[in-house]
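What follows is a single structure, written as structure tokens, with notes after it.
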Amino acid sequence: MPKETHGLSLDGQGKPLWLSLELTYRCPLKCTWCNNPLDFEDYAAKELSTEEWKQVLRDARAIGALQLGFTGGEPLQRADLEELVAHADGLGFYTNLITSGIGLSEERLLALKAAGLKQIQLSLQSTRPGLTDALVGARAHAHKLEAARLIKAHGFPMVLNMPVFRHNIELIGEMIEWAAGLGVEYIEFANIQYYNWALMNRDELMPTLEQVREAERVVNEWRAKLGKAMTIYFVIPDYYEGRPKACMNGWGAIHLTIAPDGVAMPCQEARVIPGLAFESVRDRPLGWIWHESPLFRKYRGLDWLPEPCGSCAEKEKDFGGCRCQAFLLTGDAANTDPACSRSPHHHLVQQAVAGVAAPLRFRKPLVKRAAGAVSTAFMED
Ligand code: FES
């Protein structure tokens, strides 16, 4: 497949194949690793209406979007979710719901099925009620298990997503065992990325290298045991790997995110980078934003890459890493992602991992996702 470096993307087609709709930042949970903006509550009054979201769907389909994730916040907080799924399905999208499971009653599940929903990604933080509830800051564990049971009972393809950090990484084995018992075919262990709430809590959340290596060993053991019955996704996090991740498959290459207020972004975190001109679908045609806007063109392709990326043999593999991480750690989004061992700023990542103490749980209060709230509550099973 031809790769453009001057033009629209690296997929050879210039299409936003992956569309993420952040329907709302509202959420009943208070996760300390949430990647929503710190000022998430300011967006509640600015959310796109049902008709505006439908227009987004039509416009995105017209420029080639195919895979669609309804996400948030908690997308089930939107009463029009089923209507939007039906509209998307009618347009030919492959629809995914990315949910905590809170609010997923059997009635809504049936309505989503009737609307044409194709797949559900459910998050679960552990198999232990007290731990899950403490981690998400709500009585959520029982609801999540019931949601998992219902999703399987109604025959949806399901991705079980476990965000991984210091407090639960040692429970990966028992999570796999539990998921295998339920008949889950795909489980994703997502080492959390440090933006927004997670960045604020990074020193407490980041697992040790020993924990990561042990988790990898456990995952490989289960892979051998379960074979094709379950796909287990787990990769060593970029800050321990020394290689940057191919974030978003490259800026403005195939990913298009629409925030609750209609702002279109190359990734969910892009607004952490100051000085960029963000455009809303309320003011500009989506096709123009994707193809022409300065925001999407800023770091698209390979020609803008700084050294050492520009002359690196791996530049088509990792595109210089993550722009948001580069900004958050070095102050300049155009720098090589410091997760890369060749970055002149790599010491910043090395300092962060050197500061990770032994896995003593909750030595310091984690800042929970709530305006100004700090919680010291923690329950251990
Ligand atoms: Fe924004 Fe990686 S999260 S580019």
Side-chain angles (χ1 to χ4, degrees), residues 8-11 16-22 25 31 33-40 69 71-73 98 161 163-165 188 190-202 205-206 235-260 263-279 289-290 293-306 309 312 314-340 343 345-346 348-349 352:
L8 297 173
S9 74
L10 294 171
D11 77 323
L17 298 176
W18 247 109
L19 176 66
S20 291
L21 301 188
E22 297 182 305
Y25 287 141
C31 304
W33 58 92
C34 182
N35 67 353
N36 282 174
L38 299 178
D39 60 349
F40 65 89
T71 182
I98 299 158
N161 174 280
V164 172
F165 35 87
E188 176 180 16
N191 283 291
I192 57 169
Q193 303 295 318
Y194 296 99
Y195 316 108
N196 294 328
W197 298 88
L199 182 61
M200 211 166 11
N201 292 305
R202 185 182 68 183
L205 290 172
M206 190 179 280
V235 293
I236 300 292
D238 55 353
Y239 43 87
Y240 282 128
E241 190 70 328
R243 310 300 327 130
K245 58 183 180 281
C247 199
M248 301 291 120
N249 247 44
W251 181 275
I254 58 169
H255 281 269
L256 171 59
T257 294
I258 313 290
V263 163
M265 302 181 288
C267 68
Q268 288 179 291
E269 317 301 334
R271 274 199 272 209
V272 301
I273 303 173
L276 298 177
F278 293 97
E279 307 277 359
I289 296 176
W290 171 258
S293 70
L295 173 69
F296 277 80
R297 296 179 74 96
K298 180 89 178 164
Y299 304 114
R300 182 176 267 160
L302 301 172
D303 292 349
W304 68 274
L305 284 172
C309 303
C312 178
E314 293 180 31
K315 66 181 174 187
E316 292 190 27
K317 213 160 98 186
D318 58 41
F319 319 109
C322 174
R323 296 307 91 225
C324 300
Q325 184 156 274
F327 169 73
L328 289 168
L329 298 187
T330 75
D332 185 350
N335 280 333
T336 297
D337 184 340
C340 178
S343 157
H345 299 96
H346 187 55
L348 297 170
V349 166

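We count ligands from 1, going down the list as the structure has it; atoms in each ligand are counted the same way.
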Looking at side-chain heavy atoms only, is the closest gap between Leu38 and Met200 below 4.5 Å? yes
Which heavy atom of Gln325 sits nearest to which heavy atom of Ala339, and what is that distance? NE2-CB, 3.6 Å
Contacting atoms of ligand 1, where contact means under 4.0 angstrom from a heavy atom of Tyr195: 2 (Fe), 3 (S)
Is the ring pair Trp18/His255 parallel, tilted or perpendicular, if the boundaries are 30 and 60 degrees? parallel
Glu269-Asn196 side chain donor-acceptor pair, cut-off 3.5 Å: yes
N/O/S from Cys267 sitting under 2.8 Å away from atom 1 (Fe) of ligand 1: yes
For Cys322, counting its heavy atoms only, list the atoms of ligand 1 lying under 4.0 Å from any of them. 2 (Fe), 3 (S), 4 (S)
Do any heavy atoms of Met248 fall under 4.0 Å from ligand 1? no
When you measure from atom 4 (S) of ligand 1 to every protein heavy atom, which one gives the shortest distance, and what is it? Arg323 N, 3.5 Å
Run the numbers for me: atoms of ligand 1, each under 4.0 Å from some heavy atom of Cys247, listed by number. 2 (Fe), 3 (S), 4 (S)
Between Ile98 and Gly69 the two heavy atoms that sit nearest each other are CD1-CA, 4.1 Å
